[in-house]
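Note on naming: letters A, B, ... go to the chains in the order of the sequence lines (proteins, then strands), and numbering restarts at 1 for each one. It should be emphasised that the depicted structure is a prediction, and the values quoted were computed from it without experimental measurement.
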2 protein chains.
Amino acid sequence: MLPPLRELGMALRSRELSATDHVRDVLGRLGADTTGAVITLDAERALAAAAALDEELARGSWRGPLHGVAVGVKDLIDVAGLPTRAGSDVLADAPPAAADAPVVARLREAGAVVVAKLHTHEFAYGPTGDVAATGPARNPHDPTRITGGSSSGSAAAVASGHVPLALGTDTGASVRTPAALCGVVGLKPAYGALSAQGCFPLSETLDHVGVLAPDVHAASVAWDVLSRPDGTGGGIQAPGVDGVRVGVLVDEYWRALDPALTAAVDTAAARLEKGGAQVQDVRTPMIDELAATYPVIVGAEAYATHAHWLRERPQDYQEITRERLLPFADLHARAYVDALRTRRRLTAALRAAVDGVDVLLLPTTRLRATPIGAEEVEVAGSRVPVRPQLLALTLPFNLTGWPAVSVPGEVTDGGLPAGVQVVGVRLEERGVLRVAAALEQA
Amino acid sequence: MLPPLRELGMALRSRELSATDHVRDVLGRLGADTTGAVITLDAERALAAAAALDEELARGSWRGPLHGVAVGVKDLIDVAGLPTRAGSDVLADAPPAAADAPVVARLREAGAVVVAKLHTHEFAYGPTGDVAATGPARNPHDPTRITGGSSSGSAAAVASGHVPLALGTDTGASVRTPAALCGVVGLKPAYGALSAQGCFPLSETLDHVGVLAPDVHAASVAWDVLSRPDGTGGGIQAPGVDGVRVGVLVDEYWRALDPALTAAVDTAAARLEKGGAQVQDVRTPMIDELAATYPVIVGAEAYATHAHWLRERPQDYQEITRERLLPFADLHARAYVDALRTRRRLTAALRAAVDGVDVLLLPTTRLRATPIGAEEVEVAGSRVPVRPQLLALTLPFNLTGWPAVSVPGEVTDGGLPAGVQVVGVRLEERGVLRVAAALEQA
């Protein structure tokens, strides 16, 4: 495992550790990765960048807390000089991207070194991470199980301790769910807070760029760098939660199927309460109707993107991706317009319903990592489809655009990781990360 | 004719004229209106409001330049206590609106007195103003001709000198085109600058609230009141255009069919140049493709609004409205998503193409007022459909959301009014109004 970013950054800044040695270490770890997380290693350019950053530092110029830090990038996001394959044979012959996506460029300006493109669920259209041209990504905690997706490789590489930070995207679950299933931290900022330019679109009204990191501190550093031109902000200044109003969602919709997840949220709520937070129940009667707009919106927008390729080269899609997209050929414009209107109306209603709290606290998913390839699993004697259980608790905050972070919860059964989600109602990203930090300090 | 707002406002402020007398005068004029502009006169409440404003002023409290000024409101915009019928028998039994639309409330706060609801093309879905449950609106310059629409009654009432100011809405033409055809000023602010809440939607991604007024000064006063919480701004401070870069659009798309319109724009350009503006030609090769997204976007959004009523009470629509809406039942979501994407992409391309100028100068319409009911007219030996000619030059700036004003141009053939349009590229509403003021000072 790599040291935490806080220690790594100090070692790099003090030149106790050179960027070159750190990047070489990371390249070695990624080269030996067995989770399927790595799509492209960019070793030569990464080492050249590290050497240049070492020289800069030797001259006394320090770019900030990411100076010389290796980062991985989901293979849905453009990195200049590398193809963006989006997990699909449809893009097997994609030319190298002409330019870095703005989020990648921003990380580089801050001294980060891009070392690899990482696994994604095909075209980001799935929360499992086991559907891709290169095969499934494997959960570092159990290689027979999924990582969650679609930022599958980013979560797996961070959870394996192979890279200290990775970029992902999140349209309904895709940063938070793999973070939860792999036991790392995943931040989805507010809609539009980070540019999604240079990211292969899944659904432009729902797509968010986000960050996967081993701990809240590292996610906060990345957030500061990505959100502020000067990269200042300095992590979590005031980790307390005294006086923070925490809403716990009590409607049936929000209930996890795996009791370990419910227990993790209960433990988290108790911890926040002990820290001085006010925890209260919150009801959201509109959630089922709001959530029902999600597949229509994603389907309409994704189909419009893929219609041409679905006709020209259907065989290049993974079968399940193709079969999920094709029905949207028949979707009427009215259904999509209605979904957008319902989304707008019920986002306002949801906002009003939770108006008395600063953050919401809930499980990130309804299930923990399921077996690779399983479309259904048995829970408490009945079979449930996997996909919705990995999307249901995260997608509402893509519809609303509110910031949300998944942080590993306390698991007492010795089993797989369980993600606890903190969603900002009256708090922005830094406030949400502060609450997450309080949960982490166990 | 009423006196200009500048004089009217001074007379009201000095109490030389009471609000009560002014409102009674306006109610009398509107009561005798023969253009079909008036849908509902709100005489009793208007006189009560005027009396209260007279008392306020007698106590020394003056609300600003609209204190005691009568205003008309397009019957697509909610006025508390009055039904919003939107020109349709579908809403024949609409209950009184529970609240004023925010734009109406803002005018009232500033001392304006709502006197009437005014004619609209049915559901605002047409630029002619001759399709409505109450029959056509008639052009004050020639009662056999259209007013243009959809803010038909607002334009006719202002042009008749029956009311000093009126609210309208503009989705593709609906403030500027009737202003042009009736010879008054019509301001469509930037998209989202004024709340469209409380306005019956035609197309939520294109709908704008705007103002119709007899002159640029009155439009500027209304804009100040509507856009600034304190109503300050004080009209056109610096009417000069010295150094303003004016782009004249030279592609075929932008050409008027009526030579009087071309001549009016030429005269306007010469006047601005004489005032120190730099006039240059501008090419916009993407305009045809951009404009082609308009009917798809409006059709999809309007159909979604009307689908229920089209099924339940089709006979309550005017036939042409129904026949124009119904085909969108079959529109696929993909076509609408594609149209929105094309719109976004080509708006950026258009912005880049006109980047070197501050404003664009062009005709407001391709034709002047056509005969009521005519769907085609003969121009230079060939038949052309009326509707597109009244939309083509205005709709691009609903797609882009840029501010635009139509101001009466100079007509040398003694015929009907010809509107000249000023569109803000690097200038906001106040800058666009300043250029319009320079054109008006002839």
Original post:
For A/Ala304 and B/Val337, which heavy atoms make the closest approach, and how far apart are they?
Top reply: CB-CG1, 3.5 Å
Original post:
Looking only at heavy atoms, which two atoms of B/Arg334 and A/His308 are closest? And how far apart?
Top reply: NH2-N, 4.4 Å
**OP:** Enter the distance from B/His332:NE2 to A/Tyr336:OH here, rounded to the nearest 0.5 Å.
**Re:** 16.0 Å
**OP:** Let me know if B/Ala335 has heavy atoms under 4.5 Å from chain A in its side chain, its backbone, both or neither.
**Re:** neither
**OP:** Heavy-atom pairs under 4.5 Å with chain A are the metric here; pick the option from B/Thr305, B/Asp338, B/Leu340 that has the most.
**Re:** B/Thr305
Original post:
Is the shortest distance from a Lys or Arg side-chain nitrogen in B/Glu204 or A/Arg344 to a carboxylate oxygen in the other one below 4.0 Å?
Top reply: yes
**OP:** Give a yes or no on whether A/Glu312 atom CD has more than 12 heavy-atom contacts from other residues, nucleotides or ligands under 6.0 Å away.
**Re:** yes
Original post:
Just checking heavy atoms, which of residues 322-330 of chain B are less than 4.5 Å from chain A?
Top reply: B/Ala329, B/Asp330
